[in-house]
Number of protein chains: 2
Amino acid sequence: METWKKFEQNVVSHSAAHHLMAISELLASNGYARVTDVARRLDITRGSASITLKALRERGLVVEDENKFLHLSEQGRELANLIQSKRKILITFFHEILGVPEDAAETDACKIEHLISEETGEKLLAFIKFLMSGSKKADELLKAFNNYQLECGDISSCHLCFDDCFLHDHDQDNVE
Amino acid sequence: METWKKFEQNVVSHSAAHHLMAISELLASNGYARVTDVARRLDITRGSASITLKALRERGLVVEDENKFLHLSEQGRELANLIQSKRKILITFFHEILGVPEDAAETDACKIEHLISEETGEKLLAFIKFLMSGSKKADELLKAFNNYQLECGDISSCHLCFDDCFLHDHDQDNVE
DNA sequence: GACGTTTGTTTGGCTATTCAAACAATACGG
DNA sequence: CCGTATTGTTTGAATAGCCAAACAAACGTC
């Protein structure tokens, strides 16, 4: 399978992920979640929410009351938590560590939260924990990175020109 | 506009991005790129490629010869390079720095390369450059992170439980 | 020049996601 | 009991991608 086709092969789609998280958040804030509440929260029509939620019910991620109240199954809850964790990890990394403005960080995180693997999420979490552990080494490095960014002026002078920098270092390691 | 709806609002879709990159790579490796070549490279039918490439032609990202040979417009080339740069940056970060296995890093990068903003890409590039600059501080930190990872054993013991760790540090800063 | 291959396009079908609009069921007020 | 509002579902239409299959044009071979 070509790598690029794996884009669609995720546990849940972006839309489905947000339906699950909407239920989770509504339960936490309002105590209940119905089709209408999910639709309102996601700013889509009740019809759309109804259909998507029906599919999630059939997949066993969402459960419905006798009274039409929606709940997450154990599996659904785990999935929602997983994605929410990834989002928080990404926002923290982009904003707190890289210094991307908060709203841009949130947009980027929202786009990719349901796409990154558990493995990458875990490693990134470990990295963030390490950098924010308060250890002298980490603090110094973060400070140094801030200065480095300032020195570079607008890093935009570089404009994502990755190639020139150090891409082939590895190949050339052997050549030396 | 709800943040979560921005998922679809990108310069190009995942599919379109890969059509552009396929042309770019085919031109580099074979010297030419036709509809059939793009289709073969992406492992889709010629029909699908034909339609997607037609749309890209209409958007001015792809140009066609008198002889049906495909080329990228200036804009198309820039876009392809941008996305390719982001992919390389992401792979480097996931694999070289976080220690995610190479194929997992590539899969993750492929999924999100066309989604992250220029700003995040630039900051991430700066961060990578800084960490891989060979400076003593950076090297020590990377080594320390590796040890940290080993100590934690399988970080899976933590399982993306972001919340407990330090999420609310900021709110609590003020409380003290 | 007839036959087979390659190439590019078009068509019909499928899935997922959205909307708008129609509809049914339930509930509340008077 | 009638009218109105709320809720949830269904239906028809749109878009984006994909496939399979049919098709036309061009090229090669003998």
Side-chain angles (χ1 to χ4, degrees), chain A residues 1-23 26-27 30-59 61-71 110-111 114-115, chain B residues 1-23 26 30-59 61-71 83 110-111 114-115:
Chain A
M1 168 70 62
E2 316 292 327
T3 302
W4 81 278
K5 285 199 178 179
K6 295 187 182 166
F7 182 61
E8 290 104 36
Q9 304 173 333
N10 301 294
V11 192
V12 285
S13 68
H14 179 70
S15 173
H18 278 274
H19 280 69
L20 293 180
M21 293 195 291
I23 294 178
L26 284 166
L27 286 177
N30 295 351
Y32 65 90
R34 297 161 307 168
V35 172
T36 298
D37 304 312
V38 172
R40 236 195 307 267
R41 178 164 202 107
L42 296 181
D43 193 28
I44 60 178
T45 62
R46 282 171 296 145
S48 301
S50 176
I51 289 173
T52 304
L53 289 167
K54 185 178 160 192
L56 290 174
R57 238 163 31 222
E58 281 161 4
R59 283 189 52 187
L61 297 173
V62 169
V63 183
E64 200 183 74
D65 257 353
E66 338 62 89
N67 297 318
K68 297 272 185 185
F69 286 112
L70 302 172
H71 302 272
C110 176
K111 285 185 181 178
H114 69 297
L115 293 173
Chain B
M1 167 67 63
E2 317 293 328
T3 301
W4 81 278
K5 285 200 179 179
K6 294 187 182 163
F7 182 61
E8 289 103 39
Q9 305 173 335
N10 301 293
V11 191
V12 284
S13 68
H14 179 71
S15 173
H18 278 274
H19 280 69
L20 293 179
M21 293 194 292
I23 295 178
L26 285 165
N30 295 352
Y32 65 89
R34 299 159 307 168
V35 171
T36 297
D37 304 311
V38 172
R40 236 195 308 266
R41 179 162 202 107
L42 296 182
D43 193 29
I44 58 178
T45 63
R46 282 170 297 146
S48 300
S50 177
I51 289 173
T52 303
L53 290 167
K54 185 178 161 193
L56 290 174
R57 243 167 22 229
E58 282 162 3
R59 281 189 55 185
L61 297 174
V62 169
V63 183
E64 200 183 75
D65 258 353
E66 338 62 87
N67 297 319
K68 297 271 186 184
F69 286 112
L70 301 172
H71 302 273
I83 295 171
C110 177
K111 285 185 180 178
H114 69 297
L115 293 173

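Everything numeric in this text was worked out from a predicted model, so none of it was measured. Here is how names work: the chains are called A, B, and so on, in the same order as the sequence lines, proteins then strands, and each is numbered from 1.
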- CZ/B:Phe69 to CG/B:Asp37 distance, rounded to the nearest 0.5 angstrom? 8.5 Å
- Test item: B:Arg34 and B:Leu70 side chains (from C-beta on) under 4.5 Å apart, heavy atoms: no
- What is the distance from NE2 of B:His18 to C1' of D:dA16, rounded to the nearest Å? 16 Å
- Message: B:Ser15: which residues meet the side-chain hydrogen bond (donor to acceptor under 3.5 Å, both in side chains) condition with it, sequence neighbours left out?
- Response: none
- Note on the structure: Taken to the nearest whole Å, CD1/A:Ile44 to C1'/C:dA20 is 14 Å
- Query: Hey, is the side chain of B:Thr52 poking within less than 4.0 Å of OP1 or OP2 on D:dC18, counting only N and O atoms?
  - Reply: yes
- Short side-chain to backbone donor-acceptor contact, B:Thr52 and B:Ser48, under 3.5 Å: yes
- Message: Whole angstroms only, please: what is the CD-P distance between A:Glu2 and D:dC18?
- Response: 13 Å
- Between A:Leu42 and A:His18, is any pair of side-chain heavy atoms under 4.5 Å apart? yes
- Query: Any sub-3.5 Å donor-acceptor pair from A:Asp43's side-chain atoms to A:Arg40's backbone N or O?
  - Reply: no
- Contact state string [nucleotides 6-13 of chain C, B base, S sugar-phosphate only, - no protein heavy atom under 4.0 Å]: -BBBBB--
- In numerical order, the residues of residues 5-17 of chain A whose heavy atoms come under 4.0 Å of DNA chain D are A:Lys5
- Please check the phosphate of C:dT18 (OP1 and OP2 only) for any side-chain N or O of A:Thr45 closer than 4.0 Å. no
- Message: Could you check, using the six-membered ring where one of them is a Trp, whether B:Tyr32 and B:His71 have ring centers closer than 6.0 angstrom?
- Response: no
- Message: I'd like to know if the side chain of A:His14 reaches the main chain of B:Trp4, judged simply by a donor and an acceptor atom lying under 3.5 Å from each other, with no hydrogens or angles considered.
- Response: yes
- Note on the structure: Whole-Å distance, A:Asp65 CG to C:dT26 C1', equals 16 Å
